[in-house]
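Notes follow the structure.
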Amino acid sequence: MKQNIPVRLDRRIYSREELCGEYFILWIWDDNLSRKCHPGQFFEIRAHASLLDAFDARSLPKLYKPISIYDNADGRIGFFIKKVGAGTSALAKLKAGDKLELIGPLGNGFNPVSNKRVLLLSGGIGYPPLWYLQKELINHNKIFWLHGGANQDDVFPCDEVWTMDGSFGKKGMVTEGLAPLILEKKINLVYSCGPIPMLKQAAKITRELGIRHYTSLEAYMACGIGVCHGCAVPIRTDTKEDIEAGTSIPQWDYLRVCKEGPVFNAEDVMWSML
Amino acid sequence: MKQNIPVRLDRRIYSREELCGEYFILWIWDDNLSRKCHPGQFFEIRAHASLLDAFDARSLPKLYKPISIYDNADGRIGFFIKKVGAGTSALAKLKAGDKLELIGPLGNGFNPVSNKRVLLLSGGIGYPPLWYLQKELINHNKIFWLHGGANQDDVFPCDEVWTMDGSFGKKGMVTEGLAPLILEKKINLVYSCGPIPMLKQAAKITRELGIRHYTSLEAYMACGIGVCHGCAVPIRTDTKEDIEAGTSIPQWDYLRVCKEGPVFNAEDVMWSML
Amino acid sequence: MKQLNTSLGKLKLNSPVTVASGTFDLENLDFFGQDFLGAFICKTITRHSRIGNPPPRLYESEAGLINSIGLQNPGLDKFISDILPRLNAALNIPLVVSISGSSITEFAEIICRLEMESGISGYELNVSCPNVEKEGIAFGVHPEVVFELCKTLAPFTQKELIVKLSPNVTDIAAIAKAAEAGGASSIALINTLWGMAIDYKTGRSQIKMGVGGYSGIGIKPVALALTYKVAKAVKLPIIAMGGIYTWQDALEFLWAGASAIALGTANFIDPLAAPKVFAGLQDFLAEKKLGLQDIIGKCEV
Amino acid sequence: MKQLNTSLGKLKLNSPVTVASGTFDLENLDFFGQDFLGAFICKTITRHSRIGNPPPRLYESEAGLINSIGLQNPGLDKFISDILPRLNAALNIPLVVSISGSSITEFAEIICRLEMESGISGYELNVSCPNVEKEGIAFGVHPEVVFELCKTLAPFTQKELIVKLSPNVTDIAAIAKAAEAGGASSIALINTLWGMAIDYKTGRSQIKMGVGGYSGIGIKPVALALTYKVAKAVKLPIIAMGGIYTWQDALEFLWAGASAIALGTANFIDPLAAPKVFAGLQDFLAEKKLGLQDIIGKCEV
Ligand SMILES: Cc1cc2nc3c(=O)[nH]c(=O)nc-3n(C[C@H](O)[C@H](O)[C@H](O)COP(=O)(O)OP(=O)(O)OC[C@H]3O[C@@H](n4cnc5c(N)ncnc54)[C@H](O)[C@@H]3O)c2cc1C
Ligand SMILES: Cc1cc2nc3c(=O)[nH]c(=O)nc-3n(C[C@H](O)[C@H](O)[C@H](O)COP(=O)(O)OP(=O)(O)OC[C@H]3O[C@@H](n4cnc5c(N)ncnc54)[C@H](O)[C@@H]3O)c2cc1C
Ligand SMILES: Cc1cc2nc3c(=O)[nH]c(=O)nc-3n(C[C@H](O)[C@H](O)[C@H](O)COP(=O)(O)O)c2cc1C
Ligand SMILES: Cc1cc2nc3c(=O)[nH]c(=O)nc-3n(C[C@H](O)[C@H](O)[C@H](O)COP(=O)(O)O)c2cc1C
Ligand code: FES
Ligand code: FES
């Protein structure tokens, strides 16, 4: 969970990969930047825009978009992106050689571990940060990767796939496969990333099984650097004993996904408030 | 001064011409539309835009821009455009084959005449409507064309050119040449189009010489079809006798450049209010 | 088109899409058929003719339009003699006449005179034009005055009585409540926000009058917030406007509580905006198998 | 940089470019040097810590940002023990502390406590946050309350006392006058407009609280109009904000009467906005051979 001072850079897109469905990968090449990155961290990125566009009134520059580090090897950093709205559509139009604006690396990232039996759980666009994590963990841990998507366009290489429509792998919610696998594979640590309902369900399961579970959360962001408090999620910070009632009341605060996160201990997330 | 019902169309740009400075010409080809046009009329035009762009938030669609009919021959209509701001810059980016959005033909246009000694007076981007007018008048009238610009990038074919910096033709304000020419060429009708200060000066001169003078005015427009009253200019509508003072007081109203104009009798324009 | 029926107080509309006063006239109907529209709201008329504000009257900013027309109009008499007959001849959808006055008496005078004419389905009281000093604006900001105005006018007419509110106020809900209590039968909102633009090179205002009225997509979030606030505060139906360009925008306002919407600046941006918004709404509702009543006011926070 | 000196009441600024409360913090200074800024205005602090509003708190609309942070902050004590020392260690430009309270007494309590600290050059009284029900907003809309607030606070401090006004009022000039009469030494405006956005597919508000605060380029015409109105109404210097993205935007506000400007949403759109606006102003003034005093308030209509 290291935090480097983020930088703001313009970088040429070194290459671009097309995947199924609405997915694509943009690669940049920057040895220095590459050395600063850790799994679970992300960048705020944007198709090159100028403030002066607003003056020219041709197009209004919009917010940067948070995108995880998908891969980081040999000085190349990959962003694995799904086109879902205006910001990601603008990114989807970029070609190799075009300029990308970047702020990062941002966020806390995953804690590296060793000698563990690790389960990775991803849903849809939760896949990219776990790929980078998996590469870092693979030599020192036993890893099993479970991934779920809506359909065959939302699945990527891993150990077990679930799709909602059954068009690839097992049919159903990926979390249905979680408890059996944890037991079967003797998992002692789960890392997850994906849509909130999936993470909520996964957190319930790991909690019941008493398994440590770190989860990477998403939030709408404005600054990405901890300034605006726009990306807040409710996180337990402490517990207070209620002597009279004989119970302990969770103390919580709105923490910033971009600064204290995106990775949180799943135990600490106030899931019922999300 | 015929008024046709304007139409709203998308048309491919048939060809594009480059001129000096910031000037270019876009041609469309539409035989039907061509037949409806008269000199002095204009179109509201725009680089193709979709309302849904606003939803996608990539770029916001903006107003159409009023552009005169520069030429109209063999079914082809030409728009002679100077890039000055956001709207005309968007037009400047169009290539042959791109789509142009059009509303028109709009406005009253010039009254056709014959057997007259006509002087055309244009300044800068006032040139285009006079070109079309000149083509219609040439066979039945004697024409002399006087044009002024800031410098050699603002001059186009005509009989006498003035530039402010003297880089082409005579040096000075084009209106300096007006009175002598009217007398010398025995002009009995002036048609003008250009910047307000030039037109104002020209109106003063023709008034003093008692020469009929029709002028085409510019205004910022929203609708172009007479609906919004945004393009108003003060025009004399009548005179009222003030019996006591023994004078006649001009009665005036804000008329619409897009509907009652763009061509007005220079005598009727309340120049002091512009 | 059955599916898109809606109503606005006493008015039954065949479409929730209408047009905002001052931005649409018969000329626009050269471009598409009027059946896409639920009603036709004409430019505001005053008792006496108004010459309007000096030019320049328009400026397009990054995200909308600033205007300073100043309610230029030929006055009530010319409206009745020249304009109304032409509107009646052309329209087969309800005509709402927008009116404004500098006193309650003047509003009353106009309505009483118009009541003698046929072909009018309702009135929109423009108490909110930011381009008229000490006139419309003075009414729109005081709940008591709006209450008095509605109370005075309501007995004069059986027709739809719409009050059009200004966004340039501290508590729009209080004013809407005053209109409701006074007897208005629906609320229109919003008129334009104050807006200004200056030529950065010369320091000259782009609008001759300095401050004008700001409309268009840039005001959509404000219009939506105020629609929501008013919908929570009153039971009257709402005709909402302010930056509606697309059918998706229109749906936002319907969810927020509007029974109908109006297109203003959008008509300049695209003369075919109305049929496009209509078609988009129709497709959306058909695809989702929803009726307008499943949407109107059903927004969740 | 001499050329860009300006002043805000008692404060001398080396640059007319400052940053809007809640949109800029020390993290931003990782991207550029602070000498481009005339002052640093920190996020609003309240007497007690505030947890803020439930998420989602942000939504980007076509032309700006809707936020609903709800003044999340650690409270006065933590500010003094943790934040202020860090700000003082990092900054060599004037620090303005933005504060808000739910009563005049609470404002007074905060100022008195802060007066015991060093390193503070001024206070910005946030009486205008639309995301705090019945708190800040209740102050900002009543001239009498703003007058009382300033009258109470002014004697407690020799430092710059800025009152930050809400645009969501009927008569901003009256409130500015009240602040002036009460003893404020400058005016900041505008805070966010009310704004809302709804997911057209589901009818769900994009912001958990429903209505939020709207900022960014889409509000520029409104901010400029209100700056102009206030500049006409009071003699106090103005620090203007609302949709300023470019140096051209900044010039518009200076012409309209602002002595300094602040960048808010622009910091998110481009973390280098401040130095870019600074450089643009500098080049413009150099090219035109003008000083800031030739621009400020010199707008022509
Ligand atoms: C820390 C972090 C890391 C991320 N990593 C990646 C990544 O590696 N690859 C990637 O493709 N995306 C990633 N995302 C998500 C990505 O940031 C969003 O998809 C993007 O911001 C959407 O912006 P837009 O303008 O394209 O769509 P918008 O216009 O903002 O939204 C379009 C639609 O998508 C929905 N939507 C918006 N944001 C999200 C979201 N975060 N999750 C689910 N639905 C959403 C909206 O409700 C809307 O219906 C990450 C997000 C965070 C916070
Ligand atoms: C009836 C009519 C016919 C016209 N015919 C032609 C034509 O044939 N060819 C042509 O190139 N232009 C013509 N114009 C002018 C043209 O419409 C404007 O140049 C255009 O609208 C500018 O839009 P923009 O968005 O590019 O610039 P804006 O951003 O609107 O303005 C950019 C700069 O140009 C100035 N400006 C804007 N409009 C005008 C104007 N009308 N006159 C002078 N300065 C202006 C502004 O003050 C600003 O400094 C005509 C205008 C009218 C009303
Ligand atoms: C050019 C123009 C003229 C207008 N004239 C009137 C008017 O006469 N009466 C009125 O009530 N509103 C008038 N309005 C306000 C509109 O009816 C509408 O309330 C406002 O523009 C917001 O909607 P929009 O953002 O869709 O344009 C006018 C608006 C514009 C842009
Ligand atoms: C995310 C966010 C947080 C804000 N927080 C505060 C705040 O704490 N105190 C305050 O006075 N204004 C706050 N504001 C308002 C800004 O300071 C500024 O007045 C407003 O955003 C308009 O300027 P802009 O359009 O440049 O953003 C906030 C604005 C945003 C967008
Ligand atoms: S996005 Fe601004 S604090 Fe996280
Ligand atoms: S531009 Fe609308 S009336 Fe002329």
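On a predicted model such as this, the values are computed, not experimentally measured, just so you know. Chain letters run A, B, ... following the sequence lines, proteins first and then strands; every chain starts at 1.
The two residues D/Asn73 and D/Gly75 have their closest heavy-atom pair at OD1-N, 2.7 Å.
Looking at D/Ile51, the atoms closer than 4.5 Å to chain A (heavy atoms on both sides) sit in the backbone and in the side chain alike. Looking at D/Ser21, there are no atoms closer than 4.5 Å to chain A (heavy atoms on both sides), in backbone or side chain. In this structure, chain A has a heavy atom under 4.5 Å from the side chain of D/Ile217, while its backbone stays farther away. With a 4.5 angstrom heavy-atom cutoff, D/Pro54 touches chain A via backbone and side-chain atoms both. Neither the backbone nor the side chain of D/Lys220 comes within contact range of chain A; no heavy atom of the residue lies under 4.5 Å from a heavy atom of that chain. When heavy atoms are compared at a cutoff of 4.5 Å, A/Leu60 approaches chain D solely by way of its side chain, counted from C-beta outward. For chain A, the nearby part of D/Phe31 is the side chain; its heavy atoms alone come within less than 4.5 Å. With a threshold of 4.5 angstrom between heavy atoms, D/Gln248 approaches chain A through side-chain atoms but not through N, CA, C or O. Heavy-atom distances place both the backbone and the side chain of D/Asn28 under 4.5 Å from chain A.
Shown here are the side chain to side chain donor-acceptor pair (under 3.5 Å) partners of D/Gln72, two or more places apart in sequence or in another chain: D/Arg57. Not counting sequence neighbours, the partners of A/Arg8 by the side chain to side chain donor-acceptor pair (under 3.5 Å) test are A/Asp10, A/Tyr64, A/Glu101.
Note: D/Asp30 leads D/Leu65, D/Asp30, D/Leu26 in heavy-atom pairs under 4.5 Å with chain A. Counting heavy-atom pairs closer than 4.5 Å to chain A, the top-ranked of the candidates D/Gly64, D/Pro271, D/Ser49, D/Gly52 is D/Pro271. Note: D/Leu272 leads D/Asn267, D/Leu272, D/Asp249, D/Thr23 in heavy-atom pairs under 4.5 Å with chain A.
Heavy-atom contacts from other residues, nucleotides or ligands closer than 6.0 Å to NZ of A/Lys36 number more than 12.
With a 4.5 Å cut-off on side-chain heavy atoms, D/Cys42 and D/Ile83 do not count as touching. At a threshold of 4.5 Å between non-hydrogen side-chain atoms, the residues D/Lys208 and D/Pro55 do not count as touching.
Heavy-atom neighbours of chain D within the stretch residues 216-224 of chain A, taken at a separation under 4.5 angstrom, comprise A/Tyr220, A/Met221, A/Ala222, A/Cys223.
Using cut-offs of 30° and 60° on the angle between ring planes, the pair A/Tyr70 and A/Phe80 is tilted. Aromatic ring pairs are classed by plane angle as parallel below 30°, tilted from 30° to 60° and perpendicular above 60°; the pair A/Tyr14 and A/Trp29 is perpendicular. Between D/Phe24 and D/Phe40, the ring planes lie perpendicular to each other; the angle is over 60°, past the 30° to 60° tilted range.
The ring pair (Phe, Tyr, Trp, His ring centres under 6.0 Å) contacts involving residues 250-274 of chain A comprise A/Trp252-A/Tyr254, where partners must be two or more places apart or lie in separate chains.
Formation of a donor-acceptor pair under 3.5 Å by the D/Arg47 side chain with backbone atoms of D/Ser102 is not found in this model.
In the model, D/Ser166 has no side-chain atom that pairs as donor or acceptor with a side-chain atom of D/Asn191 under 3.5 Å.
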